[in-house]
Amino acid sequence: METINQILNDNYIGKEVKIHGWVYRVRSSSKLCFIVMRDYSNVIQTVGRLEDLNEEDFKSLSNLTIESSLEIAGTVNRDERAITGYELRIKSFKIFQRNENFPITRDQGEEFLLDNRHLWIRSREFNAILKIRSTIFKAFSEYFFKNGYYEVHPPMMVSTATEGGSTLFKVPFFGETAFLTQSSQFYLETFIFSLEKVFTVSPSFRAEKSRTWRHLTEYWHAEGEVAWIGNNEMMDIEEAMIKYIIKEVLENNRQELALLNRDISALEKSLEPFHRLTYSELIKKAQEFGLDIKYGDDLGADEERAIMIHFDKPVFVTHFPEELKTFYHRPDPQNPGYILCHDLLAPEGYGEIIGGGERIWSLEELRTRIQKAGLKEEDYYWYLDLRKYGSIPHAGFGLGLDRLCLWIMKQANIKDIIAFPRTIRRLRP
Ligand code: ATP
Ligand code: MG
């Protein structure tokens with residue numbers, strides 16, 4: 001058995017091969033039947049000729065419908081007119097299932113396609129998206145394994161918030177209330193006292209009320225935490241990691257990027273050094289671009305889109321005012337009122353893909369910030385313990401892998417790059 005991609009090759013001309021897959025397109029006349037077949041790897045035009053087959057077989061071939069499953073044996077020829085440049089002349093075949101009325105046809109609305117996502121993921125476009133996504137996830141972990149990190153496995157059902165109470169999902173938990181995790185950061189911080197350099201890839205859950213093109217309620221969160229480093233070193237690591245992922249995609253997914261019409265040179269641009277601006281500098285830039293944004297604004301999806309449309313490579317934004325960030329971020333001893341953190345904003349209008357920075361490591365400072373945030377110390381007893389027993393400077397980050405996918409593939413909406421999106425209005429399929 002060959003794969004379709006394998007036989008789209010001059011070495012196979014004249015050879016007898018066998019493929020299996022699904023009908024992508026079909027059209028027939030009285031003596032000829034053209035079936036474009038697809039498998040996971042690609043598509044190829046196959047042709048059934050009445051002269052090669054008996055009448056009954058020819059008829060059942062001609063009657064095949066889109067997405068019917070079958071196995072075909074035949075010989076490969078070069079044919080410039082065919083969809084992928086080669087044609088398979090059918091000698092024999094075996095039908096597994098002839099389909100009745102595959103529901104997805106041309107020109108169907110967005111909601112219909114979302115209701116039928118379980119079927120739509122077969123499309124060539126989604127097949128390409130899933131392949132690139134797979135490379136991105138693999139490359140993320142690979143980068144950290146190659147650099148001596150350990151993968152760790154924090155819990156998904158937790159008792160504390162990390163990013164504020166408004167987006168917490170509650171789950172009944174044997175008489176208590178548990179939450180679905182918003183971020184594994186605090187647990188990752190516990191692991192560094194054992195392993196020093198750790199990462200995890202797991203879902204995070206946010207009951208986001210804001211319905212934007214970049215928010216899911218369940219998304220894939222890639223997080224890392226590193227002992228003994230500060231904000232700048234953390235950014236260096238993230239920059240190298242993002243470049244590694246882009247290189248892997250460029251190396252492994254040319255065919256898929258072409259199918260999505262993704263401009264390769266735009267991605268190559270991000271292999272150059274990223275920009276680094278402070279929050280104040282970014283606001284100034286935004287005003288130079290003529291945007292109605294002022295110092296102190298918490299930038300959301302639309303503001304970041306308007307700013308980042310002006311950039312062709314990623315921008316690290318550092319030194320946010322204290323009021324804009326959560327309690328665990330470390331204030332900058334040199335710049336009172338500002339914190340040693342960063343967001344990484346993706347170019348071409350995509351905006352935030354990473355949030356990271358130094359964590360407070362002084363017990364007193366953390367206590368004060370927890371109180372200021374109106375939280376209860378006892379809920380965070382184990383997090384505070386880390387500052388009691390051998391506390392050290394450290395930094396970390398959280399990368400939204402779906403957002404990275406969205407930018408790398410330059411799609412319009414985050415729902416376009418995850419097979420089964422969960423949003424405020426969607427729980428099925
Ligand atoms: P935003 O301001 O866009 O809501 P955030 O500041 O709440 O993002 P963080 O809490 O810093 O995000 O989470 C870390 C990363 O996780 C973000 O940089 C982003 O890439 C990703 N992320 C956060 N919320 C979502 C979401 N609802 N859907 C998809 N990815 C998300
Ligand atoms: Mg958010």
Side-chain angles (χ1 to χ4, degrees), residues 133 136-137 140 154 158 160-169 179-188 199-225 231 234-235 238 241-242 245 279 282 293 297-308 314-318 320-321 323-329 339 341-347 349-359 373 395-409 411-426:
R133 188 179 164 97
I136 290 171
F137 275 61
F140 175 84
V158 299
T160 47
T162 49
E163 300 300 322
S166 67
T167 63
L168 280 176
F169 268 109
F179 306 117
L180 297 180
T181 180
Q182 296 173 307
S183 156
S184 296
Q185 179 196 316
F186 292 178
Y187 288 97
L188 254 53
F199 75 94
T200 189
V201 177
S202 53
S204 276
F205 303 87
R206 308 236 176 142
E208 303 276 7
K209 308 271 169 356
S210 56
R211 237 179 274 153
T212 76
W213 52 271
R214 69 177 199 188
H215 286 96
L216 293 166
T217 54
E218 175 185 298
Y219 71 95
W220 284 86
H221 208 173
E223 294 173 275
E225 203 68 33
N231 197 41
M234 193 67 251
M235 289 191 283
E238 289 163 28
M241 172 266 289
I242 296 287
I245 295 174
Y279 170 84
L282 185 79
I293 289 174
D297 285 354
D298 192 6
L299 307 175
D302 291 343
E303 293 81 16
E304 285 180 7
R305 164 136 291 176
I307 296 172
M308 291 310 294
V315 181
F316 278 111
V317 186
T318 63
F320 282 79
E323 314 76 73
L324 293 183
K325 292 282 173 183
T326 336
F327 69 89
Y328 54 74
H329 287 285
I339 49 182
C341 70
H342 58 270
D343 278 3
L344 180 64
L345 309 186
Y350 283 89
E352 182 180 338
I353 54 173
I354 292 181
E358 288 181 35
R359 322 304 191 188
F397 71 91
L399 160 70
L401 281 172
D402 308 281
R403 290 211 188 153
L404 180 63
C405 290
L406 183 61
W407 163 49
I408 288 182
M409 297 187 238
Q411 297 297 297
N413 192 296
I414 199 159
K415 288 183 284 188
D416 300 337
I417 53 76
I418 183 163
F420 299 107
R422 293 291 170 257
T423 66
I424 197 164
R425 286 186 309 169
R426 188 160 288 282

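Note that ligands are numbered from 1 as they come in the structure, with each ligand's atoms numbered from 1 the same way.
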Below 3.5 angstrom, do we get any N/O pair linking Ile353 and ligand 1? yes
For Arg214, counting its heavy atoms only, list the atoms of ligand 1 lying under 4.0 Å from any of them. 1 (P), 2 (O), 3 (O), 28 (N), 29 (C)
Tell me the closest heavy-atom pair linking Gln182 and Leu168, and the distance in Å. CD-CD2, 3.4 Å
Could you list the atoms of ligand 1 found under 4.0 angstrom from a heavy atom of Gly355? 18 (O)
Where's the contact between Gln182 and ligand 1, heavy-atom distance under 4.0 Å: side chain, backbone, both or neither? neither
Is ligand 1 less than 4.0 angstrom away from at least one heavy atom of Ile354? yes
Between Ile414 and ligand 1, does any nitrogen or oxygen pair lie at a separation below 3.5 Å? no
Where do Gln411 and Tyr350 come nearest, in terms of heavy atoms and distance? O-OH, 2.8 Å
Check each of Glu218, Glu208, Gln185 against atom 24 (N) of ligand 1 and report the one with the nearest heavy atom. Glu208
One residue to check: His215. Relative to ligand 1, which of side chain, backbone, both or neither has a non-hydrogen atom less than 4.0 Å away? both
Parallel, tilted or perpendicular: ring planes of Tyr279 versus Phe320, cut at 30 and 60 degrees: tilted
Counting from 1 in the order shown, the ligand 1 atoms closer than 4.0 Å to a non-hydrogen atom of Gly398 are 14 (C), 15 (C)
Below 3.5 angstrom, do we get any N/O pair linking Leu399 and ligand 1? no
Restricting to non-hydrogen atoms, name the atom on Trp220 and the atom on Val201 that form the minimum distance, rounded to 0.1 Å. CE3-CG1, 4.0 Å
Taking every heavy atom of Glu208 against every heavy atom of Ile424, the minimum-distance pair comes out as O-CD1, 4.0 Å
Minimal heavy-atom distance between Ile414 and Ile418, with the atoms involved, is O-CG2, 3.6 Å
Per side chain to side chain contact (heavy atoms under 4.5 Å, CB included), Phe205 is matched among Phe179, Tyr219, Phe169 by Phe169
